Amino acid sequence: MATKQLVDNFLNTIVDTVQIAFSAPVDKSVVIDAFTVTNNSAVNASYKAYVKSASGVLAPIIPFKIVVWGENDLGIGIVNQVIPAGGSLQVESSALNSLYFTASGREL
């Protein structure tokens, strides 16, 4: 399958709360090919990233990462992770309107 945009500039709407950025189709798993977090604010902010199965436990793939204002993070730990069918990519951040999440991937 061809690589496609999974999420484009997703922003958390509540601080320190896990939110779904992308949900995989119920019949196909999705592999993450690229993951970028951009901090466009004037403050340093941290994030956590999770891959959750439809019925699984929520445990972070990236447990804590700080992105300095004006910088990017490539989320190396989450690249090549598989979002199981019916599962989701979930993120949380420590500051509103600071971290923009972008990911691309392909269906398996």
Side-chain angles (χ1 to χ4, degrees):
M1 278 267 152
T3 298
K4 66 177 184 174
Q5 190 87 28
L6 303 177
V7 61
D8 185 23
N9 291 322
F10 177 84
L11 276 168
N12 286 96
T13 57
I14 305 171
V15 173
D16 294 327
T17 301
V18 180
Q19 295 181 293
I20 296 172
F22 171 79
S23 294
V26 295
D27 60 340
K28 293 188 181 182
S29 297
V30 175
V31 65
I32 299 169
D33 290 331
F35 181 83
T36 305
V37 182
T38 303
N39 188 339
N40 286 339
S41 71
V43 300
N44 297 340
S46 65
Y47 77 93
K48 296 177 184 178
Y50 308 80
V51 171
K52 185 177 182 297
S53 66
S55 61
V57 176
L58 188 64
I61 302 293
I62 299 178
F64 180 79
K65 182 72 177 193
I66 296 174
V67 183
V68 177
W69 65 275
E71 296 291 327
N72 298 317
D73 180 69
L74 299 178
I76 298 301
I78 205 160
V79 172
N80 291 324
Q81 294 288 327
V82 174
I83 303 168
S88 59
L89 169 63
Q90 302 183 21
V91 295
E92 67 177 286
S93 58
S94 66
L96 287 179
N97 301 320
S98 296
L99 299 179
Y100 293 81
F101 298 90
T102 301
S104 61
R106 55 195 152 77
E107 292 179 349
L108 297 177

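Positions are given from 1 along the sequence. For clarity, every value in this text was computed on a predicted model and none was experimentally measured.
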How long is the gap from [atom1] on [X] to [atom2] on [Y], to the nearest 0.5 Å?
| X | Y | atom1 | atom2 | answer |
| --- | --- | --- | --- | --- |
| T102 | F35 | OG1 | CZ | 8.5 Å |
| K65 | L74 | NZ | CG | 9.0 Å |
| I83 | S53 | CD1 | OG | 11.5 Å |
| Q90 | F101 | CD | CZ | 12.0 Å |
| D33 | L6 | CG | CG | 8.0 Å |
| N40 | E71 | CG | CD | 11.0 Å |

Could you check whether any side-chain N or O of S23 sits under 3.5 Å from a backbone N or O of S88, counting only pairs where one atom can act as donor and the other as acceptor? no

Check whether S29 reaches the backbone of A85 with its side chain - one donor and one acceptor, N or O, closer than 3.5 Å. yes

Least distance between heavy atoms, [X] atom then [Y] atom:
| X | Y | value |
| --- | --- | --- |
| V7 | A21 | CG2-O, 3.6 Å |
| I78 | I61 | CA-CG2, 4.0 Å |
| S41 | W69 | O-CB, 3.1 Å |
| E107 | V30 | CG-CG2, 4.1 Å |
| I62 | Y47 | CD1-OH, 3.6 Å |

Hey, are the side chains of [X] and [Y] touching, using non-hydrogen atoms and a 4.5 Å cut-off?
| X | Y | value |
| --- | --- | --- |
| S94 | D16 | yes |
| F10 | Q19 | yes |
| V82 | V51 | no |
| Q81 | V79 | no |

Hey, mind stepping through T17 and E92 against side chain to side chain contact (heavy atoms under 4.5 Å, CB included) and telling me if it holds? CA-CA 5 Å; T17 301; E92 67 177 286; 5.8 Å; no

Using a distance-only test with no angle check, is there a side-chain donor-acceptor pair under 3.5 angstrom linking N39 and S98? no

State plainly whether one hydrophobic cluster holds both F22 and L99, where clusters connect Ile, Leu, Val, Met, Phe, Trp and Tyr through side-chain heavy atoms under 4.5 angstrom apart. yes

